[in-house]
Every structure is written in C-alpha cells, then in structure tokens.
Amino acid sequence: MTHLAQPAEAPASLAAAVAAGDRGAVARALNLIDDHRAAAHDRAAELLAALPEDRLLGAGHLVGLTGPPGVGKSTLTAALIRHWRGEGLTVGVLAVDPSSPFSGGAVLGDRLRMITPATDPGVFVRSLADRGTFGGVSAEAWPMSQILLAAFDRVLIETVGVGQREVDIADLADTIVFVAQPYSGDAIQVIKAGILEVPDILVVNKADLGAGARRTLSDLAAAIRPAEEPGGWTLQALAASAAIGTGVAETAGTIERHRAWLADSGHLVERRQTAPLRWLLARLVERFGRHGIGRLGGDGAVAERLAEAPTGAFALLGEYNRLLSQH
Amino acid sequence: MSETKPAAPAATRDKPWLIRTYSGHSSAAASNALYRGNLAKGQTGLSVAFDLPTQTGYDADHPLARGEVGKVGVPISSIDDMATLFDQIPLEQMNTSMTINATAPWLLALYIAAAERQGADTAKLQGTVQNDIIKEYLSRGTYIFPPAPSIRLTGDVITYSVDEIPKWNPMNVCSYHLQEAGATPTQEIAYALSTAITILDELKGRPGMDEAEMARSVGRISFFVNAGIRFIEECCKMRAMAAMWDRIARERYGVTDEKLLRFRYGVQVNSLGLTEAQAENNVQRIVLEMLGVVLSKNARARAVQLPAWNEALGLPRPWDQQWSLRVQQVMAFETDLLEYGDILDGSPVIEAKVNDLIAGAEAEMAAVANEGGMTRAVESGYVKRRLVESHTNRMRAIESGDLTIVGINKYTETHPSPLMTGSDGGILKVDASAEGEQIARLEKTRSQRDPAAVAEALDRLRAAAASGENILPASIACAHARVTTGEWGGTLREVFGEYRAPTGIDGVIVGRAGGARLEGVRRRVKETGDALGRPLRLLIGKPGLDGHSNGAEQIAVKARDAGFEVVYDGIRLSPKQIATAALEEGVHLIGLSVLSGSHLELMEEVRRELAAVGLAGLPVILGGIIPEDDAFHLREGGVARVYTPKDADLNAIMDDLVDVIRAHHGLDPSEQAA
C-alpha cells in the first residue's frame with residue numbers, strides 16, 4: 001500500500017511517457033520535480049535531460065498570464081483553454097498562488113478549476129504555491145513548465161502580479177500577457193513603472209463594463225511607443241470580456257501572432273535557450289545571494305559552466321547547492 | 001398568590017403563529033402520508049423539503065443525482081409526483097411553504113398546476129416559496145444559473161404572484177443559512193435586507209412597474225430567519241430588523257399603506273448549535289431559541305418550524321419530529337405568552353441593544369452598497385469572505401473554550417443515552433430502494449405523455465427564457481404537459497448557462513499567532529513534508545449535489561493555517577472530477593465532505609474513479625452527518641478516518657491528517673503535537 005514499496009520509476013521511461021502525453025506520467029513527473037530530497041533531485045535532473053530537446057526548444061508555446069487580483073485572469077485562462085481546445089490543441093496549465101507568509105500553507109486552484117472542464121483529457125491543471133519565492137513565481141515553475149511543454153501543445157502559466165512579479169514570469173515564458181481592469185490604472189502603471197518591455201500583450205478585461213474599458217484602452221494606445229528596432233514587436237493592447245466571451249479569439253490570435261513573430265525572428269529559440277541560465281541565476285541569488293554567485297566566479301562563469309553541462313540547469317543547481325552549502 | 005388571575009378567556013389571546021415541520025423524504029407517497037399524519041397531530045401548515053436533484057433541476061436518473069434521490073427531501077420529477085404529494089390535501093385551504101430556490105418558478109408552476117387539477121380556485125392559494133438565490137451562492141449551494149438570470153427568475157415569481165396569487169409569499173428572504181454559515185446578528189440583518197433591496201430595485205426598473213404595483217410587491221416580501229441560543233440578542237435582532245424594514249419600505253420604495261409595511265417573517269431555529277454529543281440537550285436549546293422569536297409581540301414570527309433533537313446524528317424519525325411539534329404547541333397553548341402585549345416595549349436594555357444592532361447592520365449594509373450591491377458583493381467574494389471569517393472566529397472560540405458549548409468543550413462527562421439504544425440507533429433509515437422506484441415513476445411519466453405537447457411546451461419555455469417574458473405561464477404549461485424537472489432545468493441551463501460561486505476561503509486572513517497547539521501541528525506538517533520531499537498537499541472535495549460547504553471551508557482554512565497546500569474546488573463535484581483533480585494536483589490526501597446522507601454511494605464511486613486514474617491506494621478521509629453503522633462500514637472499506645459533527649477540535653483533526661499521511665508512507669507516527 002505504501003509508496004515506498006514501489007520501485008523508483010526510471011527517469012528516461014518517465015520522460016518518454018510524458019512526451020507521449022500520458023497524464024499519469026505528467027502528474028508523477030511534476031511530483032518528482034517538486035521533491036526536494038537529494039536522490040529525487042538527481043532523478044528529476046535526469047528526467048528533464050531526457051525530455052525531447054526539439055520540443056523544448058522549438059515546439060509548443062509557453063504563455064505567461066499575469067495581472068493584479070480580481071481582474072478575471074482565471075476567467076480569461078478558462079476562455080483561452082476553451083478556444084485552444086476548439087482548435088484541437090491540448091493545454092497544460094500551471095496556476096501559481098501565493099503562500100501564507102505565516103504558516104507556509106496555501107489555498108490553490110480556487111476559481112480556475114471550477115470554471116474549467118475538469119474531466120477533459122486534453123487539459124491538465126497543476127496548482128503551485130509560490131512558497132514565498134522572491135519575485136512571485138515559485139522556483140519549481142520553470143522545470144515544471146518544461147514537463148508541460150513536453151506533453152501539451154499550449155502551456156499557460158498564471159500568476160498574480162502587481163509589480164515585480166511580471167519580471168519573474170518573463171524569465172520563463174515565451175509570451176507575456178498582462179491582464180488589467182478598466183478604471184484601475186494598472187495598465188498605465190505597468191507602462192509608467194518602466195517595465196513596458198515586460199508584457200507583450202495587454203488585455204483590458206471586463207470590457208462589458210463599457211466606457212471605462214474604452215477609455216483605458218485609448219489611454220494605453222496613447223502611451224504605447226512602437227518598437228524601436230525595425231521588425232520588432234510593438235506592445236499590443238486589446239479589450240476582452242472573458243466572462244461573456246468577447247475578445248477571446250482576438251486575444252488568442254494576438255498570442256499566436258506573437259509566437260509567429262518570435263519564431264520568425266529567432267527570438268523563440270533564443271528565449272528558450274537562455275531561460276535555464278536566468279532560472280539558475282535567480283535560484284542562486286535566492287539561496288546564496290550575489291555573494292554566493294561571486295564565489296562561483298560571477299554570472300559569466302555560471303553561464304560558461306552551464307553551456308558545458310550536459311544535464312542542464314536543474315542538475316547544475318544541485319551541484320552548486322552541495323558546493324555552496326559545504327561552507 | 002391572591003393576585004393570580006385565572007387564564008384569560010380564549011377570545012383575548014393572540015392567534016398563534018403557523019405551526020410547521022420541515023419535512024419530506026423518499027417519495028411523494030411516503031411524504032404525503034407523513035404530512036397527513038402531521039396535520040392530524042395539530043400542525044397548521046406544511047413545509048416541504050425537496051431532495052437535491054429537484055432543487056438543482058436534475059431528473060432522478062441524471063448521473064449527478066446518483067445517491068441523492070429522496071435523501072434530504074421528497075423527489076418531484078413531474079406533476080404526477082406533485083399530485084401524489086398533495087393527495088387528499090385540499091390546496092385551496094392549505095398553507096404550504098416550499099424551500100425551493102433555483103427551481104422555484106418550476107415548483108410553484110407544478111403547485112399551481114396540481115391545484116388546478118384539484119379544481120381549486122388558484123387565486124386563493126396561500127403559502128411561500130423561498131425563492132432567495134443570493135444566499136444559495138453564499139451558503140446553501142443549490143444555485144444553477146449566473147446571478148443576472150437568477151435574479152430575473154426571482155423577479156418573475158414575485159410579479160406573477162402579486163398579480164395572480166395575491167396571498168402567496170413569492171420571496172422569503174433568507175438569513176437562516178447565513179447564520180448557519182457563521183454570520184453574526186449584524187451580518188445576518190445586513191445581508192438579508194441588502195438582498196431584499198437588490199431584488200426590489202430590479203423590480204423597480206421593470207417596464208410597466210408603477211407605484212401601486214411596487215408597493216404591493218414590497219408588501220409581499222417576507223423573511224426567513226435563524227434563531228440561535230443567545231435568545232435575548234436574537235429577540236433584539238428581530239426588533240431591529242422590523243424597524244429597519246419599515247424605514248426601507250417607506251423611504252426607498254415610498255410605501256405608506258400600513259398593511260403593506262408589516263414585517264413578516266418565519267423561523268427555523270438554529271441547527272449550527274445543535275450537538276451530536278449529549279444530543280438530548282438539543283431539546284432545551286430548541287425551546288430557548290424559539291423563545292427568542294415569539295417573546296416580543298411586535299416582532300413575533302408568523303410561522304415557526306423547529307428541527308428535531310437528533311438532527312446532528314442523521315434524519316429524524318416521525319416521533320422525533322412530533323416532539324418538536326409538541327414544543328410549539330406547549331409554547332402556544334399552555335403558556336400565557338399569547339395573552340399579553342409586547343412585554344419588551346420600554347425596556348432601556350432592549351432598546352440599547354436594538355440600537356446597537358441597527359448601527360452595526362447599517363454599517364455593514366453600507367459596505368455592501370460600496371461593493372456595488374449584494375449581487376456584486378457576492379460575485380466579488382466579499383460577503384463570502386466575511387462569512388468564512390466569522391465562522392472561523394466561532395470555531396476558534398469553541399476550540400479555545402471562550403465560547404461554551406455544553407457537552408462539547410465543557411461538561412463532557414455523560415451517562416449513556418437511553419434515547420440512542422433502540423435498534424434504529426435513534427435515527428431514521430432511508431429506504432435504499434427510493435432511488436430506483438423514483439426512476440421507475442419518472443420513466444412511466446415519460447412513456448405516458450404526448451411527446452409533441454412536451455416539445456411544444458419546452459419550445460415555449462425556451463422562447464420565454466430568451467425573450468425576458470415572465471417564465472411562469474410557460475412553466476405552468478410545461479407542468480400540464482408533464483415535462484420533467486430535468487427537462488425544465490436543462491432547457492434553462494441551455495439559455496442561461498451555469499455558474500460557480502466564489503468559495504471565499506482564499507482571502508481569509510490567517511493570524512500570525514495560532515497558539516501552541518497550532519504551532520505544534522505546523523511543525524509536524526513541515527517535518528512530514530520534508531520527510532516526503534515536498535509540502536503536504538490536501539484536496540478537499542464535495543462530491544454530489546449537497547451544497548452545504550461550511551464544514552469543508554473550515555477544514556480548508558484550518559489546513560492552510562496548519563501549513564498544508566490545500567486544493568479546494570468548491571461544491572457539486574462528480575467523483576470523476578475529484579479523481580482527476582487528485583491526479584493533476586499530486587495530493588497526499590483527499591478529504592471529502594458529504595452532508596446529504598449519500599456518503600456510501602459517493603464514496604464507492606470516488607474509490608472507483610481513483611482506481612481508474614491509478615490512485616487506488618491514495619488515502620481518503622470523510623466528514624459529514626454519518627451514522628456510526630455507516631462510519632464502521634466506511635472504515636472497513638478503507639476510508640482512513642470518518643468525522644462527524646462531534647469532531648469540533650480542528651487542531652486534533654489536523655494532527656490526524658498528518659498521522660494518516662505518515663502511516664500511508666510508512667513513517668513513524670512521531671510524537672503528537674496535541
């Protein structure tokens with residue numbers, strides 16, 4: 001009856017089952033990534049290294065969806081899922097919720113799962129607590145997104161973001177969608193705060209509320225500057241009402257156009273190739289501070305080491321953990 | 001002694017309130033026999049409990065209805081059942097209260113059609129449909145459609161009734177379930193009155209609504225409140241509510257006719273405070289709770305129904321219900337209560353308390369208005385969060401001993417109760433064949449009717465739903481065409497869509513200080529998570545149609561406070577959805593809550609679905625109103641723990657959950673925190 005009685009599953013065969021879209025395998029792979037014991041970490045590294053590289057570098061789409069609480073992110077997520085399912089695409093979702101700063105506990109999945117068809121085999125939703133991570137997206141989000149990317153056509157990472165958190169999600173997603181509410185000024189704040197380069201698409205949700213949405217949209221249009229480089233991506237702003245279904249197809253279409261632009265311009269592969277280094281550096285700063293990275297020889301040395309490491313950032317993090325924890 | 005006067009002559013006594021018992025189970029025929037028995041015993045009105053498929057618009061053979069048919073009330077699938085339910089009960093003379101909300105237009109249509117079949121003059125019909133959808137989103141959980149169309153249906157019932165069945169109470173604004181969900185008296189007043197305002201404001205905006213019609217509509221709104229054990233405060237609550245309603249009716253809706261200004265309310269006294277331990281004490285609780293709502297003549301209930309002493313144990317037997325009926329009769333006919341004017345008028349203590357409650361309720365009403373009204377405050381989760389907070393505070397006060405509950409956290413020593421030693425264990429066993437028999441009756445109705453008439457009636461219903469025309473005439477036509485409850489609900493689901501309400505648990509603030517016991521549990525949760533490699537994850541699920549989510553929410557909040565990562569997806573989940581969520585979320589443990597009595601059937605199905613996704617061994621715990629015999633079978637069948645209402649120590653439950661997980665993974669039990 002106990003789990004201990006079961007022999008550990010070989011990472012390579014688990015990776016193959018994940019790539020074949022086996023839901024049970026995806027669940028077990030995510031559990032393994034989450035497992036902090038040293039032996040499990042090594043197996044998780046093997047698992048990640050065994051995922052098909054062509055999928056991880058060139059296929060699928062990692063979409064980050066963020067915005068302040070209460071703007072209807074979950075409703076928009078559910079609407080996008082329905083849209084993609086209608087096109088025959090499978091969807092994996094990683095929903096990140098905040099942990100309680102006192103108990104470390106969390107309430108997860110509230111809302112999202114309730115409005116998503118929970119028994120559709122083409123949809124897989126894993127909730128994740130941010131576990132107090134600086135920057136809002138849990139440390140496990142990037143490796144978990146790789147599992148979902150290997151298994152599903154579209155991967156959506158939903159996080160609550162009001163300030164710095166969008167920066168964090170930008171480290172791991174191909175396309176960032178920022179969801180804002182009419183009247184709130186959130187969207188304008190994003191621009192004013194000087195992090196205009198973070199979102200690729202701004203969606204003013206709850207457009208059924210009328211004039212407020214139109215005004216917010218026109219304020220945005222006035223604030224957006226076109227891309228500086230020729231052929232660059234200009235931030236797109238659009239209105240939607242996920243609750244009544246308007247603007248969802250346009251949002252999905254814009255997400256798709258952004259992906260096409262990324263692929264054509266070579267940015268897709270570049271983003272995906274550099275994501276492991278960004279994730280690794282963020283984890284090292286989190287655990288050991290800039291000082292720790294200094295002891296490893298600085299960002300450049302870590303980057304060089306990663307480029308040579310055959311098993312990737314996850315395995316290297318384990319190695320650095322052991323190294324730096326010894327002192 | 002010499003001044004003691006003989007009892008006043010009957011002529012000067014006030015008329016007693018309507019005496020009812022909330023009942024119904026198994027089948028229309030069995031419930032009809034029960035009603036006729038109760039009327040023969042001196043009950044003066046009927047109060048119909050419907051089963052969950054009927055309340056949520058499903059036929060008895062719908063997959064979600066499995067295990068729920070005839071459990072918490074009577075199953076009504078069509079006019080054939082409605083006719084059986086009131087067989088030999090002349091509806092023209094009866095006063096019938098129906099606890100029905102999302103499907104209120106349908107059950108009222110069936111009632112009218114059944115009265116027409118009896119040859120009754122429908123203009124004389126008297127009774128009540130609860131028809132308050134807002135508290136369903138907050139507490140009771142039998143909503144179907146999103147708020148906007150639901151409120152429109154509520155309004156349809158009101159305008160139809162005001163015009164066609166003028167003695168009918170078309171909306172019984174309910175604060176009952178808010179108190180069950182933890183509401184304080186000021187919250188209860190504020191949310192009930194805000195709900196009434198929301199509905200009346202919607203009516204005010206309807207085309208053709210003039211001042212006279214509006215005043216009549218205000219006059220037909222009644223209330224359904226809860227009465228708890230703090231009976232003096234409860235009595236003041238009713239006086240406060242009556243005063244506030246008078247002002248709202250005059251100032252907001254311009255009502256001047258004294259008759260239409262009357263604050264009319266019915267009561268079901270508190271179930272939240274009834275205990276499973278030393279259950280006989282519930283009798284005096286019920287008596288005192290009743291006293292609070294009949295004591296003050298100027299704020300006296302129009303109708304009272306009392307729960308049975310053994311409600312926390314399972315379904316009451318006819319004898320248990322008779323006991324509660326006799327409580328009412330002793331109060332009304334033996335005591336001198338009805339011989340006096342208002343005995344509280346002029347008391348400065350009462351007046352101060354009433355003013356206090358009014359001030360608190362007005363502040364909370366302003367907060368709701370600030371959210372954009374009751375509908376918006378429900379959609380945003382504001383009200384639900386407030387309720388979950390209040391309930392959490394109550395549970396903490398019981399745990400800490402600040403709130404005394406005799407038999408629970410004080411005076412727990414007891415002799416064995418002779419009331420519980422009968423072969424039935426002191427509760428009613430529902431006939432397991434009820435579901436199959438109801439499906440057979442449903443199939444008979446389907447096979448005997450004219451399919452063309454059914455199709456035509458449903459087309460008319462669909463058209464009325466889409467056009468905004470009053471839904472009642474088309475629904476009555478459906479009733480006569482022998483349309484089924486599932487067909488009526490399904491047609492409107494197609495037009496309006498379905499809704500899921502916020503659970504309210506995400507925003508509840510956890511205190512830094514949790515006490516030494518909670519700290520101990522947190523440490524064990526953390527250590528066990530570390531030993532297993534990742535934080536402990538718990539799925540809380542409510543399978544079946546039962547929407548009473550208060551218990552599940554309290555466990556979810558407590559588990560988060562204890563450091564678990566909790567996945568809670570709200571009510572009305574199919575066993576397959578629960579198994580799917582357990583797989584996707586990678587949880588260590590599943591906690592299920594079932595209060596409708598269908599725990600055996602649902603548990604079996606959950607187990608089957610878990611096996612189908614490869615999680616056959618995953619530990620499951622279960623909470624609900626579960627008789628000991630059933631609990632024994634469930635544990636034999638592999639359920640790790642079974643919790644019932646007597647398990648009020650949430651820290652102990654959290655400790656237990658850690659034990660279950662540790663045992664499943666072969667870890668040492670380790671020292672208990674408590």
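Order of the sequence lines fixes the chain letters, A, B, ..., with proteins taken first and strands second; residue numbering starts at 1 for each chain. Predicted model only: the values in this text are computed from it and were never measured.
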Q.
Could you measure the distance from the CG atom of B:Leu532 to the NE2 atom of A:His36? Nearest 0.5 Å is fine.
A.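 The NE2 atom of A:His36 is 12.5 Å from CG of B:Leu532, to the nearest 0.5 Å.
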The reported gap from CD in B:Glu565 to CG in A:Asp97 (rounded to nearest 0.5 angstrom) is 10.0 Å
Highest number of heavy-atom pairs under 4.5 Å with chain A among B:Pro146, B:Pro619, B:Ala531, B:Gly529 belongs to B:Ala531
Of all heavy-atom pairs between A:Ala27 and B:Leu583, which one has the smallest distance, and what is that distance?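 Smallest interatomic distance, heavy atoms only, reads CB-O, 3.2 Å.
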**Asked** Would you say B:Arg534 and A:Arg37 make side-chain contact, with heavy atoms under 4.5 Å?
**Response** no
* **Validation row: B:Thr580, A:Arg23 side chains within 4.5 angstrom (heavy atoms)** => yes
With A:Ser127 as partner, the option from B:Glu584, B:Arg537, B:Glu585 fulfilling side-chain hydrogen bond (donor to acceptor under 3.5 Å, both in side chains) is B:Glu585
Contacts of B:Glu609 meeting salt bridge (Lys or Arg N to Asp or Glu O under 4.0 Å) (sequence neighbours excluded), chain-then-number -> none
Report task. Could I get the full list of salt bridge (Lys or Arg N to Asp or Glu O under 4.0 Å) partners for A:Asp34, not counting sequence neighbours? Result ->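 In terms of salt bridge (Lys or Arg N to Asp or Glu O under 4.0 Å), with neighbours along the sequence ignored, A:Asp34 is linked to A:Arg131.
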Honestly, the part of B:Ala559 sitting under 4.5 Å from a heavy atom of chain A is neither
